[in-house]
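Numbered from 1 within each chain, the chains take letters A, B, ... in sequence-line order.
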Number of protein chains: 2
Amino acid sequence: MLPQTSLAESASARSSARRAAKDLPPKPQPLAGPLELVGAQMAFARNEEIYGEGEPAEYVYKVVSGMVRTYKILSDGRRQIGAFHQPGDVFGLEIGDEHSFAAEAVTDSTVLVIKRSTLVAQAARDSEVARQLWLLTARELERMQSHMLLLIKSAQERVAAFLLEMAERSDDQSTVELSMSRQDIADYLGLTIETVSRTLTQLAETAAIELPSSRRIVLRNRSALKQLNA
Amino acid sequence: MLPQTSLAESASARSSARRAAKDLPPKPQPLAGPLELVGAQMAFARNEEIYGEGEPAEYVYKVVSGMVRTYKILSDGRRQIGAFHQPGDVFGLEIGDEHSFAAEAVTDSTVLVIKRSTLVAQAARDSEVARQLWLLTARELERMQSHMLLLIKSAQERVAAFLLEMAERSDDQSTVELSMSRQDIADYLGLTIETVSRTLTQLAETAAIELPSSRRIVLRNRSALKQLNA
DNA sequence: CGACCATTTGATATGGATCAAGCGATGTGG
DNA sequence: CCACATCGCTTGATCCATATCAAATGGTCG
């Protein structure tokens, strides 16, 4: 199971952040906060589990390179992906003792691992650390809220929103290099792979996007996509 | 959907409504925490707005009596209700400067109003307050996560989950007194009122519930509902 | 080359939305 | 106090978006 080297590399090569001030709101940047200070780096291979749902939440994680998905398996076997985490993103921060979602590497990834107890103890002493932890959770809440709103929209709207979301985090804002599969996208958007695939084809037919290859998408008409993103 | 209906409901906040109930008897609430200490009580009439989306988030609120809904209006006019807040629940806590959702009283309600800046200042000094604020946001996040999972389920599953959720918070766990309209339920579950109504009828036909009146629901077979709640 | 996996495309089924009408409770004005 | 308008809810008929089932295509690797 060799990783798709080209994809993995291009994904991780883009960890630097330049804000080429488009029409975008200021994006949460990799926190230069307390999470930098401690912890060890770990590497995970494509599709490798980082932690399982319900496991003790001993650590907090920060993506250094690659991409991580967090998800739940529903009782009917479906998988719902809650988020794709990219370099700079923190994930796995819980206030309870267990991870409420599972986490896996989408591509070969490296993550920074920090002991939660350390952070919590620091937070008790340093109000700035406490504020950072709160901020992280609040940001996660915002993400979840907008994801909830996504799930009540049409397939076109969901896919368009997804593409814009991915484009926002890529440095070439008009080309998206997808490191996740159609199944991942489907499970993120609450659709089937067939619907995701068909919708992309449709968007290409209406010239909103271009599909040079299945994992590379060029945004031809971003305002049309935003329009859809009702 | 029926944006007109949704909007009409809140717009029709009867101008004749008793707005004068400024001084209700303070009902002692069980929830502990720093939020008890400060703040004034305010009363809101049914369907009255407590704050709008995008308004400065100057205050944090705690339900004393009644019920509050928080919601967003989407660009296509649909309304998505994020939560129904009942006595003891805190709502309107933001980390940014604006309310990301709007809030309205579902029934005549009284809420405790606390200045956010006070809380934040306290949190900077007292790590226990800081932890409480974090906890509140984390709890909201959990709620949002499970709501997200709801939205990818079938109509029956959503309605069943809703009933169980409401039953859990009622004192007679097997009878639910709904204070919100079918439209509210629909906008909470991402369905139409017709589908909500039909689904309730179905559940009654399969003897899972009983419908003595439209706002009163008896849970006859909770395990069947939980089953549905896949 | 051939097997395998991811993706696309096609045909059909179906759950929930939409459009439309009926019904029961509640309140209002004559 | 009744007749009637109104409102919230239910029920019926039909439509449509997406799921499901099925097969073809294409890319990757041994």
I need the [atom1]-[atom2] distance between [X] and [N], as an integer number of Å.
X: B/Q183; N: C/dA17; atom1: CD; atom2: C1'; result: 13 Å
X: B/I217; N: D/dG8; atom1: CD1; atom2: P; result: 17 Å
X: A/R46; N: C/dC5; atom1: CZ; atom2: P; result: 12 Å
X: A/I185; N: C/dA6; atom1: CD1; atom2: P; result: 13 Å
X: A/L178; N: C/dT7; atom1: CG; atom2: C1'; result: 13 Å
X: A/I152; N: C/dG16; atom1: CD1; atom2: C1'; result: 15 Å
X: A/L211; N: D/dG26; atom1: CG; atom2: P; result: 15 Å
X: B/L200; N: D/dT11; atom1: CG; atom2: P; result: 10 Å

For B/R69, the option from B/I50, B/N47, B/D187 that meets side-chain contact (heavy atoms from CB on, under 4.5 Å): B/N47

Return a table of donor-acceptor pairs under 3.5 angstrom between the side chains of residues 197-204 of chain A and protein atoms on other chains or two or more places apart.
unit_1 : atom_1 : unit_2 : atom_2 : d
A/T199 : OG1    : A/T195 : O      : 2.6
A/T201 : OG1    : A/S197 : O      : 3.0
A/Q202 : OE1    : A/Q156 : NE2    : 2.8

Side-chain N or O of A/R215 versus OP1/OP2 of D/dG27: is the shortest distance under 4.0 Å? no

Residues A/R79, A/D184: salt bridge by 4.0 Å N-O rule: yes

Should the pair A/E140-A/R143 be classified as a salt bridge under the 4.0 Å nitrogen-to-oxygen rule? yes

Would you say CZ of B/R220 has more than 12 non-hydrogen atoms from neighbouring residues, nucleotides or ligands within 6.0 angstrom? no

Let's go through B/Q80 and B/Y71 carefully: what are the C-alpha distance in whole Å and the side-chain angles of both, what is the deciding distance for side chain to side chain donor-acceptor pair (under 3.5 Å) to 0.1 Å, and is it a yes or a no? CA-CA 5 Å; B/Q80 176 64 35; B/Y71 65 93; over 6 Å; no

Which atoms of nucleotides 21-23 of chain D (N or O only) lie under 3.5 Å from a protein N or O atom, and what are those distances?
unit_1 : atom_1 : unit_2 : atom_2 : d
D/dC21 : N4     : A/E194 : OE2    : 2.9

Between protein and nucleotides 15-18 of chain D, what N or O pairs are separated by less than 3.5 Å?
unit_1 : atom_1 : unit_2 : atom_2 : d
D/dT18 : OP1    : A/A155 : N      : 2.7

At 4.0 Å (heavy atoms only), tell me whether A/S214 reaches a base, stays on the sugar-phosphate, or touches nothing. sugar-phosphate

Heavy atoms under 4.0 Å, any strand shown: does A/S213 hit a base, just sugar-phosphate, or nothing? nothing

Is the shortest side-chain heavy-atom distance between A/R216 and A/L178 below 4.5 Å? no

Got a donor-acceptor contact below 3.5 angstrom from the B/E48 side chain to the B/A45 backbone? yes

With a 3.5 Å distance limit and no angle check, can you tell me whether B/S109 reaches the backbone of B/M67 through a side-chain donor-acceptor pair? yes

Measure from the side chain of B/I193, starting at C-beta and using heavy atoms only, and say which of C/dT7, D/dT10, C/dT9 lies closest. D/dT10

